[in-house]
Colleague: 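Here it is: the structure, laid out below.
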Amino acid sequence: MKRMVYIILWLISLQTCATSLYAQYTDHRNRQVDSLEQVLATNPPTGVELARIYRNLMWGYQQADVKKSMDYARKCVEAFMPLNSWNAVSDGYKALGFGHYKISQHDSAMVYYDKALGAVERMRSFPEKYNEQDLDDNFSSIYGNIGNLYNIQGKYQEAIEYYTKALRLFEKHDWKESQAIAYGNIGEMYKSMDNFERAEINFIKLDSLAYMMGDSLLIAYSKEYFTGLHLVRKEYDESLRNAEIAYGYYFSHPEEGENKAIMLNYLSEINLEGYGDDRQAEEYARQALTLLEELDIPRQKSISLRILSSIYLKRSEWRRAEQTALDALTADDTEPPNVLLLYAILAKAYAYQGNAVKSAEYFDKHNELQSSWSNKHYQSAIRDMEVKYETEKKETRIATLEDEKRLVTWLGIAGAAVLFLALAAFFLLWRWSIQKRRLTDKQRQLAEQQVKQLEQEKQLVATQSLLDGETQERTRLARDLHDGLGSILAAAKYNLVDIKKVSTLGESDKLCYNKAVSLLDDSMREMRRVAHHLMPESLSQYGLKQSVSDFCNSLHCVKFTYYGSETRFDPKMESMVYRTIHELVNNALKHAGASHILVQIVRDEDSITCTVQDDGCGFDPSAALQGMGLTNIRTRVAAYNGNLMIDSKEGVGTEITIELKIEDHDTGSNN
């Protein structure tokens, strides 16, 4: 008991804050309802806006004033039906069903729930407005309401059926909170049917989901269900533990007044039945009764009064027990289990007071209600058995007919099987021949591709060898010119200079001498130029950047830019790039008549890109592939698995780009 007191004291501060928030929410809702009523009274709108006001007022009054809520629900249905707003129409019918449920008009409630289902079916005709989730949301809500309706009537099997229908839709869309509530409802139905094992399974599912979501209200619901289960099993310690946890959660949620009252009633029954503590039981029952007076919930009020009358009966306060039991019947007499207990209390109270007539009257009422209640369930069971019997009779007749047809069927199946096997064998043979032909074609194509690949590789090897030979020949020619012819020309010049020193030349001879020396100088310069372009000395010593820069600087109309690393790479590739740029520049000068030429080299870590752009006359790339040295350039680039891209238009200019992959970065030095 002390533990419960500590929990309540600890939660008082939380309740104060929550009560304030709830009061603010309630006040906001009331003000909103009042403002909508004012709009209707002073300047009512028309069409859709009016329909929306009816719908909002329908929901606004649902808890506070059931009659007004139902009035606005009817207006909501009438307003939205011509607009084909079947979602709103369904809401209106649901509100009417709920209203009749609240005033215990169960047949009328079922009629409106059926109409709500019909409205949701009409929503299927408007897929552009309502998706599958909208439909399932409405269906599950109505199924849950119908389950509640059957629950209140004690039709537990039917209630389970509709709760399960709703649960399937909740699981389909992974609506965990709704799943948890459905598990609780289904478990409560099984508990009412004394199927405690199935009840506990569903309560455990609810409890697991509640803790997984961290939802305090769902945790309270699960503990409330466990409280009732352990109470009927007479497991009072477990029942008390769960009741205290549930009440602690409800205590911090003022909006859960009814559930708080239910837990107070449970605590009262646990203390009375389990521990014989009628004082503590009375305290809890009176707390519940005070709360229920404010909330105006007759059903739970009747239960609280029934518990109090049991307490008075235990104390031998016969008159108080009698009066309190009569007050309980006055509050609500629609719940047969509760009414049966009240009739028993009254029969005992009157008997102890010596009023045999009244005692017999309530004893007879008890037996009559018990018989009627049991017979109701018995008749339901009989109907189920009759349906089952008729079904079994039909199944037996069907089985007999099936036996008569079985032989013919098997003969037909056997013949069909033989035919099928023959067709299957023919089909497999045909498929085998097709696959064999495809395999042969594929092998032939593969062989052709391999031959073509070998030819390409052979051509690339030949091209590479040719380029290597060309490079070697250029190197040899450049060396011979420089070392051979260059030495001879230099020696001739030195001899002429020596002759001049030892001879006296006339004016005419001096002119001839100067001309001869000038010709020798020109020859030596030309020889060095030719040798340099055959194989620039700067290429082998300083690399691609320096050699291309020297070449471009020798031509006034050429501009050269270089980006990236200056790390050396394969000398053969460097030579190929240099020769290609040399030839592209010469083509631009010779064939395109370019006045401005831009040469650009971009060096990345594993690639090099060279671009030569001019403002010459341009050409048609598709018609000039065999001219202007482009074929040789393509061959050189292909030998190194590079790409050559040409962008040229007549009268505009030409841009040629070469892209090469560099696989070995350590073939040279960084200068």
Side-chain angles (χ1 to χ4, degrees), residues 104 106 151-156 188 191-194 196 227-234 236 239 261-262 264-290 292-293 297-381:
S104 299
H106 300 149
N151 177 8
I152 201 69
Q153 297 177 78
K155 299 178 180 179
Y156 304 128
E188 186 66 12
K191 190 195 83 173
S192 300
M193 296 165 66
D194 294 335
F196 300 138
T227 298
L229 179 63
H230 290 300
L231 182 59
V232 297
R233 286 176 167 180
K234 300 188 184 303
Y236 298 113
S239 183
I262 290 172
L264 287 168
N265 282 334
Y266 270 136
L267 286 165
S268 180
E269 288 187 282
I270 293 167
N271 278 274
L272 183 63
E273 296 178 17
Y275 303 108
D277 189 347
D278 58 296
R279 183 192 60 78
Q280 187 65 60
E282 182 180 8
E283 182 180 341
Y284 283 132
R286 290 199 176 281
Q287 288 180 24
L289 193 60
T290 302
L292 291 166
E293 290 284 359
I297 303 176
R299 181 185 174 197
Q300 288 298 324
K301 180 180 177 182
S302 178
I303 293 173
S304 298
L305 290 168
R306 188 256 301 164
I307 296 171
L308 283 172
S309 66
S310 296
I311 294 170
Y312 299 144
L313 193 66
K314 181 179 179 180
R315 294 174 179 172
S316 301
E317 298 177 9
W318 320 122
R319 181 59 184 159
R320 291 186 72 184
E322 170 202 340
Q323 187 58 51
T324 308
L326 291 173
D327 291 342
L329 286 172
T330 303
D332 183 74
D333 61 355
T334 61
E335 283 291 305
N338 190 53
V339 173
L340 283 170
L341 293 172
L342 288 169
Y343 285 163
I345 291 170
L346 285 167
K348 290 180 181 179
Y350 283 122
Y352 284 122
Q353 293 180 77
N355 192 338
V357 175
K358 280 287 186 181
S359 178
E361 177 187 344
Y362 279 100
F363 183 76
D364 291 340
K365 284 184 177 182
H366 178 276
N367 289 341
E368 183 181 348
L369 178 59
Q370 187 174 45
S371 176
S372 172
W373 181 250
S374 301
N375 186 57
K376 187 178 184 180
H377 291 282
Y378 174 75
Q379 292 298 329
S380 176

Colleague: Look only at the side chain of Ser192 and the backbone of Glu188, and say whether a donor-acceptor pair between them is shorter than 3.5 Å.
Modeller: yes
Colleague: Can you tell me how far apart OG1 (Thr324) and CZ (Arg319) are? Round to the nearest 0.5 Å.
Modeller: 10.0 Å
Colleague: State, to 0.1 Å, how close Ser304 and Ala288 come at their nearest heavy-atom pair, and which atoms those are.
Modeller: OG-CB, 3.6 Å
Colleague: List, one per line, each side-chain donor-acceptor pair under 3.5 Å for residues 227-234, sequence neighbours excluded.
Modeller:
from, atom 1, to, atom 2, distance (Å)
Thr227, OG1, Lys223, O, 2.7
Thr227, OG1, Ala243, N, 3.0
His230, ND1, Glu235, OE1, 2.5
Arg233, NH2, Glu200, OE1, 3.3

Colleague: Can a donor-acceptor pair be found, under 3.5 Å and without considering hydrogens, that links the side chain of Gln353 to the backbone of Ala349?
Modeller: yes
Colleague: Nearest 0.5 Å, what's the CD1-CD distance between Ile270 and Gln280?
Modeller: 11.5 Å
Colleague: Taking side chain to side chain donor-acceptor pair (under 3.5 Å) as the definition, give me every residue that meets it alongside Glu269, ordered by chain and number, with sequence neighbours left out.
Modeller: Arg306
Colleague: Mind checking what makes ring pair (Phe, Tyr, Trp, His ring centres under 6.0 Å) contact with Tyr352, not counting sequence neighbours?
Modeller: Trp318
Colleague: Can you measure from CG (Leu326) to CG (Leu305) and round to the nearest 0.5 angstrom?
Modeller: 10.5 Å
Colleague: What's the verdict on side-chain contact (heavy atoms from CB on, under 4.5 Å) for Val357 and Tyr350, showing C-alpha distance, side-chain angles and the deciding distance?
Modeller: CA-CA 8 Å; Val357 175; Tyr350 283 122; over 6 Å; no
Colleague: About how many Å separate OG of Ser309 and CD of Glu317, when rounded to the nearest 0.5 Å?
Modeller: 11.5 Å
Colleague: Would you give the length of the straight line joining atom CD1 of Ile307 to atom CG of Leu272, rounded to the nearest 0.5 angstrom?
Modeller: 8.0 Å
Colleague: In chain order, what residues pass the side chain to side chain donor-acceptor pair (under 3.5 Å) check against Thr334, with sequence neighbours excluded?
Modeller: Asp332
Colleague: Who are the side chain to side chain donor-acceptor pair (under 3.5 Å) partners of Arg315, not counting sequence neighbours?
Modeller: Asp278, Glu282
Colleague: Once salt bridge (Lys or Arg N to Asp or Glu O under 4.0 Å) is applied, what residue pairs with a partner in residues 344-353 remain, sequence neighbours excluded?
Modeller: none
Colleague: Measuring only between side-chain heavy atoms, which start at C-beta, is Ile152 closer than 4.5 Å to Arg299?
Modeller: yes
Colleague: Taking the side chain as every heavy atom from C-beta outward, state whether Tyr343 and Asn367 have any pair of such atoms under 4.5 Å apart.
Modeller: no
Colleague: Rounded to the nearest 0.5 Å, what's the gap from CD1 on Ile303 to CD1 on Ile262? Could you check?
Modeller: 7.5 Å
Colleague: With sequence neighbours excluded, tell me which residues meet side chain to side chain donor-acceptor pair (under 3.5 Å) with Ser302.
Modeller: Asn338
Colleague: Between Ser268 and Leu264 (side chain of the first, backbone of the second, donor and acceptor by atom type, cut-off under 3.5 Å), is there such a pair?
Modeller: no
Colleague: Name each donor-acceptor pair under 3.5 Å that joins a side chain in residues 358-365 to protein atoms two or more places apart or in another chain, with its distance.
Modeller:
from, atom 1, to, atom 2, distance (Å)
Ser359, OG, Ala347, O, 2.8

